[in-house]
Amino acid sequence: MKRILTIQDISCVGQCSLTVALPIISACGVETAILPSSVLSTHTGGFTGFTFHDLTEDMPAIEAHWNKEHLTFDAFYTGYVSPSQIDYIRHIMESCAAPGALRIVDPAMADNGVLYVGFESDFPSQMARLCEGADYILPNLTEAAFLLGRTPVLSGYDKSFIEELCKALQDTLHVKNVILTGVSFDENQLGAAIYDGTGFSYVMNPKISRMSHGTGDIFASAFTGALVRGKSAKEAAAIAADFVCASIQATAEDHRYGVSFEAAIPSLVKALAE
Ligand code: PXL
């Protein structure tokens with residue numbers, strides 16, 4: 001069985017980051033080790049007064065212990081992290097890598113044209129350092145623009161705009177593959193563009209017009225699980241997009257945060273077996 005290390009926060013309540021990554025990647029049949037970047041009482045979107053405890057200080061000692069035990073990982077998947085952690089995480093991705101280990105970076109920091117509450121305006125340049133040289137990055141349209149120091153464009157674009165954005169990311173950050181999420185060319189469809197450095201492909205699903213928090217983390221977790229299980233990037237993106245749709249559909253109208261991905265896990269397991 002492959003083992004991955006995912007590095008992101010624990011939002012105790014809110015169905016995002018580690019509370020979705022762990023169950024989803026485990027359901028994919030991949031051993032999931034974690035390095036919590038911080039502990040929050042809830043996620044930062046839509047809640048006020050949340051607690052925040054940063055765990056940067058623990059990182060060097062955790063890495064030293066793993067090195068002593070010769071623990072290595074077949075893939076790394078990073079999400080919501082603090083600016084002070086970028087260098088430690090880059091170091092861990094070197095010292096704890098099994099041969100050929102994959103680096104998957106979800107630059108979780110922004111959505112709908114704005115940075116998440118708590119991040120300073122220079123954070124995208126730090127996140128760009130974490131993306132540098134990754135095998136896969138999974139930005140949404142807002143994160144893609146911020147990584148390039150651009151103003152986000154969230155509607156009214158065409159394919160050539162999306163493809164230039166992916167190429168610019170690949171060129172600037174020296175990444176192998178770009179999976180750009182939240183792409184929509186008409187009001188009925190929403191999906192992702194996949195750029196492998198040579199060509200483009202797209203996965204599209206019917207758009208579900210509902211505000212759904214945490215879907216980026218669900219997409220990235222299912223994508224990572226499927227990829228590490230041997231699916232191609234396009235297959236993994238399609239499985240992840242279908243899983244996000246099924247999760248949103250399974251969510252009751254009055255659910256206050258996140259989506260009920262738990263109910264859709266059987267469909268994810270089935271898709272991976274095909
Ligand atoms: O879903 C991304 C995410 C992760 N972690 C925390 C967040 C968010 C989005 O708002 O606040 C703490």
Side-chain angles (χ1 to χ4, degrees), residues 4-25 32 34-56 58-59 76-86 89 104-121 123-124 126-128 130-131 134 136-147 152 154 179-182 190 192 208 210-225 240-241 243-245 247-248 251 255-262 264:
I4 86 148
L5 174 67
T6 181
I7 308 172
Q8 46 190 316
D9 70 287
I10 297 176
S11 285
C12 299
V13 176
Q15 287 175 307
C16 69
S17 38
L18 281 182
T19 64
V20 312
L22 250 178
I24 292 172
I25 301 169
T32 313
I34 62 167
L35 179 53
S37 55
S38 49
V39 180
L40 298 87
S41 50
T42 64
H43 61 66
T44 65
F47 291 98
T48 52
F50 48 82
T51 68
F52 179 86
H53 179 69
D54 188 273
L55 294 172
T56 309
D58 292 6
M59 288 187 169
F76 301 91
Y77 153 40
T78 70
Y80 182 102
V81 299
S82 304
S84 55
Q85 297 171 346
I86 305 293
I89 295 171
I104 302 159
V105 178
D106 177 2
M109 61 179 169
D111 205 0
N112 300 314
V114 289
L115 281 173
Y116 293 147
V117 173
F119 286 136
E120 304 288 337
S121 56
F123 185 56
Q126 301 296 322
M127 188 56 100
L130 186 58
C131 292
Y136 295 88
I137 58 168
L138 294 92
N140 60 34
L141 287 176
T142 303
E143 290 158 347
F146 286 166
L147 285 170
L154 303 178
I179 316 292
L180 182 64
T181 62
L190 180 68
I208 309 168
R210 262 177 89 155
M211 179 50 209
S212 302
H213 200 93
T215 48
D217 298 348
I218 292 174
F219 180 90
S221 300
F223 174 84
T224 299
F243 180 54
V244 169
C245 286
S247 301
I248 298 172
T251 307
H255 192 72
R256 256 190 74 202
Y257 50 77
V259 294
S260 300
F261 70 90
E262 298 86 350

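One-based numbering, in listed order, for ligands and for the atoms of each.
- Heavy atoms only, all atoms of each residue included: Tyr80 and Ala108 are closest at N-CB, 3.8 Å.
- Distance check, rounded to the nearest 0.5 Å: CG of Leu154 to CG of Asn140 gives 8.5 Å.
- Residue Gln8 places no heavy atom under 4.0 Å from ligand 1.
- For ligand 1, the atoms lying closer than 4.0 Å to a non-hydrogen atom of Leu40 are 12 (C).
- Of the protein's heavy atoms, Asp217 OD2, 3.3 Å lies nearest to atom 2 (C) of ligand 1.
- Side-chain contact between Phe243 and Ile24: present, with at least one pair of heavy atoms (C-beta onward) separated by less than 4.5 Å.
- Only side-chain heavy atoms of Asp9 come within less than 4.0 Å of ligand 1; its backbone N, CA, C and O stay farther off.
- For Phe123 and Tyr116, the distance between ring centers is not under 6.0 angstrom.
- Nearest to atom 10 (O) of ligand 1 among the protein's heavy atoms is His213 NE2, 3.2 Å.
- In summary, the atoms of ligand 1 found under 4.0 Å from a heavy atom of Cys16, numbered by their order in the structure, are 1 (O), 4 (C), 5 (N).
- The proximity of Ala108 to ligand 1, defined as any non-hydrogen pair under 4.0 Å, does not occur for either the backbone or the side chain.
- Set against the non-hydrogen atoms of Thr44, the atoms of ligand 1 under 4.0 Å away are 7 (C), 10 (O), 11 (O).
- Among all protein heavy atoms, the one lying closest to atom 8 (C) of ligand 1 is Tyr116 CE1, 4.0 Å.
- Note that CG of Leu18 and OG1 of Thr32 are 10.0 Å apart. Values are rounded to the nearest 0.5 Å.
- Side-chain contact between Leu141 and Pro152 is absent, with no heavy atoms from C-beta onward closer than 4.5 Å.
- In this structure, the side chains of Ser82 and Phe52 come closer than 4.5 Å at one or more pairs of heavy atoms.
- At least one heavy atom of Ser11 lies less than 4.0 angstrom from ligand 1.
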